[in-house]
Chemist: 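Take this structure, written in structure tokens, and hold onto it; I'll ask about it next.
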There are 2 protein chains.
Amino acid sequence: MDVLQRLGQNIRRLRRARGLAQEKFALQFGIDRTYVSGIERGARNPTVTVVQRFADALDVPIAELFAEIE
Amino acid sequence: MDVLQRLGQNIRRLRRARGLAQEKFALQFGIDRTYVSGIERGARNPTVTVVQRFADALDVPIAELFAEIE
DNA sequence: TTGTGACTGATAGTCCGTG
DNA sequence: GCACGGACTATCAGTCACA
């Protein structure tokens with residue numbers, strides 16, 4: 001399992017758990033909507049600071065976004 | 001504590017725990033020594049795939065590189 | 001043994017749109 | 001509600017000489 005896909009799946013899972021659409025989520029935290037899409041699909045390779053912004057937006061420690069999927 | 005500095009300190013700590021100088025570590029894993037230096041100092045903002053390479057080199061899960069420092 | 005500034009090609013990240 | 005594309009600018013990847 002690729003690290004980018006794992007990251008994307010974790011972000012998608014946590015975002016949906018909060019009942020937020022991609023666009024609403026993106027607007028709310030100043031991230032581009034198409035970029036959120038690309039990251040959730042594992043098609044993008046974001047920098048650490050961007051991953052940190054996702055962690056802040058989702059209110060979880062950054063390490064949790066890299067957690068293994070059972 | 002900035003996420004980049006935390007990342008850098010974790011990498012440095014784990015590298016030294018393995019008794020490796022930056023240069024030896026860098027050579028061994030095909031990373032430039034000065035690039036290792038920049039990341040350990042928190043002066044660089046690497047992408048996820050680069051962080052994954054460090055995790056592989058140090059033989060730890062990527063999440064561990066983002067662990068909080070006590 | 002490591003820190004640092006400067007550099008070039010590659011890609012991160014934004015903004016516009018479509019089905 | 002989301003995937004995907006094109007075009008664009010800012011920043012990163014990777015390397016070097018030097019201290």
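Throughout, protein chains are lettered first and strands after them, A, B, ... in sequence-line order, and every chain is numbered starting at 1.
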Chemist: Between C:dT4 atom C1' and B:E40 atom CD, what is the distance in whole Å?
Modeler: 15 Å
Chemist: What is the distance from CD1 of A:I31 to P of C:dG13, rounded to the nearest Å?
Modeler: 10 Å
Chemist: Under 4.0 angstrom, heavy atoms only, what part of the nucleic acid is B:S37 near: base, sugar-phosphate, or nothing?
Modeler: base
Chemist: Report which part of the nucleic acid A:V50 touches: base, sugar-phosphate, or nothing (heavy-atom distance under 4.0 Å, all strands).
Modeler: sugar-phosphate
Chemist: Quick check on DNA chain D: between B:I39 and A:R41, whose nearest nucleotide comes earlier from the 5' end?
Modeler: A:R41
Chemist: A:F25 CZ to D:dC2 P: how many Å, rounded?
Modeler: 11 Å
Chemist: When you measure only distances, ignoring hydrogens and angles, does the side chain of A:T34 come within 3.5 Å of the base of D:dC4 through a donor and an acceptor?
Modeler: no
Chemist: Sort and list the pairs that fulfil ring pair (Phe, Tyr, Trp, His ring centres under 6.0 Å) and have at least one residue in residues 7-30 of chain A, not counting sequence neighbours.
Modeler: A:F25-A:F29, A:F25-A:F54
Chemist: Please check the phosphate of C:dT1 (OP1 and OP2 only) for any side-chain N or O of B:R15 closer than 4.0 Å.
Modeler: no
Chemist: What is the distance, rounded to the nearest whole Å, between atom CG of A:D32 and atom P of C:dG17?
Modeler: 13 Å
Chemist: More than 12 heavy atoms of other residues, nucleotides or ligands under 6.0 Å from CD of A:E23: yes or no?
Modeler: no
Chemist: Among A:Q9, A:Q5, A:R13, A:R15, which one satisfies side-chain hydrogen bond (donor to acceptor under 3.5 Å, both in side chains) with A:E40?
Modeler: A:R15
Chemist: Locate the shortest heavy-atom distance separating A:T34 from A:D32; write the atom from each residue and the value.
Modeler: OG1-OD2, 2.5 Å
Chemist: If you check the B:A21 side chain, which of D:dC2, C:dT1, D:dG14 turns out closest?
Modeler: C:dT1
Chemist: Tell me the interatomic distance from A:N45, atom CG, to D:dA13, atom P, rounded to whole angstroms.
Modeler: 8 Å
Chemist: Is the shortest side-chain N/O distance from B:Y35 to OP1 or OP2 of D:dG14 below 4.0 Å?
Modeler: no
Chemist: Indicate yes or no: at least one non-hydrogen side-chain atom of A:R16 is less than 4.5 angstrom from one of A:R12.
Modeler: yes
Chemist: What integer distance in Å separates A:L20:CG from D:dC2:C1'?
Modeler: 15 Å
Chemist: Scan B:R16 against the nucleic acid and name what it touches under 4.0 Å (heavy atoms): base, sugar-phosphate only, or nothing.
Modeler: nothing
Chemist: Of all the choices, D:dC2, C:dT2, C:dG13, which nucleotide is nearest to the side chain of A:Q22 once you look at every atom?
Modeler: D:dC2
Chemist: Check whether the side chain of B:R33 and the base of D:dG14 form a donor-acceptor pair under 3.5 Å.
Modeler: no
Chemist: Can you name the nearest heavy-atom pair linking A:L14 to A:E64, along with the distance?
Modeler: CD2-OE2, 4.5 Å
Chemist: For the side chain of A:P46, counting heavy atoms from C-beta on, which of C:dT2, C:dG13, D:dA13 is nearest?
Modeler: C:dG13
Chemist: Given atom CG of B:L4 and atom P of D:dT11, what is their separation to the nearest angstrom?
Modeler: 14 Å
Chemist: Give the nucleotide from the list C:dT14, D:dC12, D:dA3 with an atom nearest to the side chain of B:T47.
Modeler: D:dC12
Chemist: Tell me: CD of A:E23 to C1' of D:dA3, nearest whole Å?
Modeler: 13 Å
Chemist: With distance as the sole criterion, do the side chain of B:R44 and the base of D:dA13 form a donor-acceptor contact below 3.5 Å?
Modeler: yes
